[in-house]
Amino acid sequence: MAWFAAPEYRLARELFLRLLALVYACGFLAAARQFRALLGSRGMLPVPRFLARVPFRRAPSLFHWHYSDRLYAALARTGLLLSLALLAGAANLLPLGAAMALWALLWVLYLSIVNTGQTWYAFGWESLLLEAGALAVFLGNDRVAPPLLLLWLLRWLLFRVEFGAGLIKWRGDECWRKLTCLYHHHETQPMPGPLSWFFHHLPRPLHKAEAAANHVVQLAVPFGLFLPQPIASGAALLMIATQLWLIASGNFAWLNWLTVALALSVLDTGTLRHALPLGPDPDLAYGPQPAWYQGAVAAYVLLVLVLSWRPLRNLLSPRQQMNRSWDRLHLVNSYGAFGSVNRDRYEIVLAGTRDARGTDGWQEYEFHGKPGEPRRLPRQFAPYHLRLDWLMWFAAISPSYARPWFLPLLARLLTNDPDTLRLLRRNPFPDAPPALVRAELHHYRFTDAHELRTTGTWWHRRRVRTYQRPVGIDDLRAYAPAAEGPGGGRPGDGRSWPGGGPGGGRKGWKGWRGRGGP
C-alpha cells in the first residue's frame, strides 16, 4: 500500500526515536539511583506492601511474579542499557521484528516501574513516556519507511498534550485569562532552574506577552498539526520554540523534552534540512511493507482510536481532568499542567540536632534541587527527575499529600539511612544520626537585584510556622527501616502524626490530578 509509507519522514522518525531513547535513559537512571529509599523493601513506600494489596489486573507489572531489590535494580539497569543502545542506533542494525521487540521490552520494563511507583510516579510525564513508547514500537526502523498512520497518531498525542494544557489553564486560574500568571509562576514553580530568577524579573508587559503567546501556541496552533505541509511543520516549530523557553526557565523533568520529540516527528525532511545542519541523506531503498507489519500497525491504530474516546470527551468537558490515565497500560491519556498558579512559595526546611532536649542548635539538611540555602543558585537537573524534591514541594502546599511518606522520611533521617541520604545534597550528621529532627515551614521569594548585590542571596525566606514538631526515633519506631521487611512496618497506614503532624495546607489548593500543578 503506497499510501501506508511516508519516506519523507525518515529523519523525523529517527530524531523522535533517538530523543525518546534519551528520555527513557533518564527515567531508568532515576529509577536505579532512587528506588531503594523511595520504593525498596526498606523504602518509604515499599513495593512489596503495594503488591500485597493491589492485584495485577489493577496495576500490571513484572514485579507481581516476583519482587526483590536486586531484581528491581537489574530491571532498571537493563532498561538503561537498552535505552542507551537504542540511542546509539541499535534498532537500525536489527531485523524489523527484533527492533520492535526491543522497543516493546523497554516499554514493559518502564510500565512495571510506573505501575508500582505509587506517589513517587504520579506525574503526567510518566504516562506521556509510556504512551509515546508504545507508539515507538510500531514506528519501525531503517528496514521500512515510516508508517503514515503512526505519524498521525504521534500528532494526535502532541495535540492532546498541548491543547489539554491550554484548556486547563483557560478553564482554571483566572490569572491565565488576565495574563498575569507569569508574575508568579517562575518564582513558585515546583523546582526553579538557574535562569528562573532572571525570568521572574522580566518586565511585567513581557510576562503578559508570554502568557498570551502560550494561549496561542496551546489553543490555536495545535490544529495546524493536521493541516498540509508546510503548515504542520510550522505549527510544530512554534511548539518546539515554546518548549525550549520552558526548558530554560525551570526544571520539569522530561515533560518538555518529550514534547519536543513529538514535535520533531511532524517535520518533513525538507523542513528539517532548513532548520538543522544535517548531512546528506543516505540513499535508502525501502522495500514493500511486510503484511504482518501493516496488520500490526493497523490494529494498533484502531485500538488507539477506540481508547481515545474518553480522553477526547475529557477535553470537551467543562470538568476537565489533567494527567489522567484512562487504562492500566497508559496507552492513551489526558494531559495538562498548571491549571492554577501559586502566588506564594512555601518550602519545608528539615533540620536535626544532636541534643535530645533540642538545646544544642539545629542544622539543616540540604536537597539537590529544591530551594533551601538562600545563597545557593538553583541548579539545572531536567530531564533528570528528582522525585523526593518534587514531592517536598507538594508537601509544603498540601500536607495531607505527604501523609503516607513524610514520617518514614523523618525516621530514615533519624537512623542515617544511607539510601535516603544519597537523595540529599548535604547531611549535617555524617558521623552519627541526630537525636531529634523537625520540619519548619518557610515562605520563600526571589530577592530583587539590589538585595542580590548587597547580600549575595537569591532567595529571601522567613519562618511561617512549625510543620512537624521535633521527634526522635522512639516517636517513629514503627516507621524506621529496621522495622521493615518485605511486608513489615506501617508507614502510611493511617496512624496519627506525633504532635498533630503537619498541617495548615491552603484550602484553595487543587492537586495535580485536578487543575493544579504538573
Side-chain angles (χ1 to χ4, degrees), residues 26-50 63 67-77 79-80 113 116-121 348-356 362-370 372-373 376 379 381 384-392 395 402 404-439 468 470-492:
C26 291
F28 283 112
L29 177 62
R33 290 176 59 87
Q34 301 176 31
F35 87 92
R36 291 186 185 275
L38 305 180
L39 295 162
S41 296
R42 292 162 51 85
M44 297 176 224
L45 296 177
V47 169
R49 185 181 301 113
F50 174 82
F63 296 128
Y67 178 83
S68 69
D69 287 354
R70 285 187 178 182
L71 178 62
Y72 195 112
L75 186 150
R77 291 166 184 165
L80 175 60
I113 290 174
T116 56
Q118 305 165 75
T119 300
W120 307 111
Y121 280 78
I348 298 170
V349 176
L350 301 179
T353 180
R354 293 184 175 89
D355 182 4
W362 294 86
Q363 299 184 63
E364 296 180 9
Y365 292 88
E366 293 182 17
F367 289 74
H368 289 287
K370 91 175 196 70
E373 164 56 44
R376 186 169 184 259
R379 303 301 197 263
F381 288 96
Y384 187 77
H385 188 11
L386 296 169
R387 299 187 182 279
L388 178 59
D389 294 58
W390 266 81
L391 266 292
M392 290 294 289
W405 56 266
F406 193 77
L407 291 183
L409 169 62
L410 298 185
R412 280 151 183 77
L413 297 182
L414 287 165
T415 58
N416 264 5
D417 176 58
D419 295 322
T420 302
L421 295 177
R422 289 190 193 101
L423 303 181
L424 304 179
R425 176 173 174 265
R426 174 178 176 266
N427 169 28
F429 306 98
D431 301 323
L436 299 173
V437 293
R438 72 179 185 189
Q468 168 62 54
V471 288
I473 190 59
D474 290 337
D475 299 308
L476 303 180
R477 185 69 63 183
Y479 300 92
E484 297 172 327
R490 296 193 301 274

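Quick note: residue numbers are just sequence positions, from 1. These numbers were taken from a predicted model, which means no experiment stands behind them.
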Would you confirm whether Lys370, through its side chain, and Leu388, through its main-chain N or O, come within 3.5 Å as a donor-acceptor pair?
no
I need the full list of side-chain hydrogen bond (donor to acceptor under 3.5 Å, both in side chains) pairs touching residues 426-437, with sequence neighbours left out, sorted by first then second residue.
none
Any side-chain heavy atom of Val437 sitting closer than 4.5 Å to one from Thr353?
no
Are Leu413 and Leu421 packed together at the side-chain level, in the sense that at least one heavy-atom pair is separated by less than 4.5 angstrom?
yes
Identify the heavy atoms of Gln363 and Pro428 that sit nearest to each other, and give their distance.
CB-CB, 3.7 Å
Donor-acceptor under 3.5 Å (Arg412 side chain, Pro408 main chain):
yes
Check whether any side-chain heavy atom of Leu75 lies under 4.5 Å from a side-chain heavy atom of Ile113, and answer yes or no.
yes
At their closest point, which heavy atom of Asp69 faces which heavy atom of Ser41, and how far apart are they?
OD1-N, 3.0 Å
For Asp389, enumerate each residue passing the salt bridge (charged side-chain N to carboxylate O under 4.0 Å, His left out) test, keeping only those at least two apart in sequence or located in another chain.
none
Set of residues satisfying ring-ring contact (aromatic ring centres under 6.0 Å, His included) with respect to Phe367, sequence neighbours excluded
none
Sequence-distant partners of Glu364, side chain to side chain donor-acceptor pair (under 3.5 Å), two or more places apart
Arg461
In chain order, what residues pass the salt bridge (charged side-chain N to carboxylate O under 4.0 Å, His left out) check against Arg354, with sequence neighbours excluded?
none
Using the test salt bridge (charged side-chain N to carboxylate O under 4.0 Å, His left out), find all partners of Arg422 that sit at least two apart in sequence or belong to another chain.
Asp419
List for me each residue that meets side-chain contact (heavy atoms from CB on, under 4.5 Å) alongside Pro470, sequence neighbours excluded, and say none if there are none.
Trp362, Leu436, Arg438
When you measure from the side chain of Asn416 to the backbone N and O of Phe429, does any donor-acceptor pair fall under 3.5 Å?
yes
In the structure I gave you, are the side-chain heavy atoms of Pro404 and Leu45 within less than 4.5 Å of one another anywhere?
yes
Heavy-atom count check: over 12 atoms from other residues, nucleotides or ligands less than 6.0 Å from Arg379 CZ?
yes
Would a 4.5 Å heavy-atom cut-off, applied to side chains only, mark Leu350 and Met392 as touching?
yes
Report the residues that fulfil ring-ring contact (aromatic ring centres under 6.0 Å, His included) with Phe35, sequence neighbours left out, ordered by chain and then residue number.
Tyr72
So, for Ala411 and Tyr479, which heavy atoms are closest and what is the spacing to 0.1 Å?
CB-O, 3.5 Å
Does Leu29 have any side-chain contact (heavy atoms from CB on, under 4.5 Å) partners at least two apart in sequence or in another chain, and if so, which?
Arg33, Leu80, Tyr384
Starting from the C-alpha separation in whole Å, work towards a yes-or-no answer on ring pair (Phe, Tyr, Trp, His ring centres under 6.0 Å) for Trp390 and Trp120.
CA-CA 9 Å; Trp390 266 81; Trp120 307 111; over 10 Å; no
Output all residues satisfying salt bridge (charged side-chain N to carboxylate O under 4.0 Å, His left out) with Asp474, sequence neighbours left out; order by chain, then residue number.
Arg477
Less than 4.5 Å apart, any side-chain heavy atom of Phe406 and any of Gln468?
yes
Kindly give the heavy-atom pair with the smallest separation between Ala31 and Tyr121, and that separation in Å.
CB-OH, 3.5 Å
Those residues at least two apart in sequence (or on a different chain) that pass side chain to side chain donor-acceptor pair (under 3.5 Å) with Thr116 are none
Listed partners of Arg376 passing side chain to side chain donor-acceptor pair (under 3.5 Å), at least two apart:
none
If you look at every heavy atom in His368 and Leu386, which pair is closest and at what distance?
CB-CD1, 4.0 Å
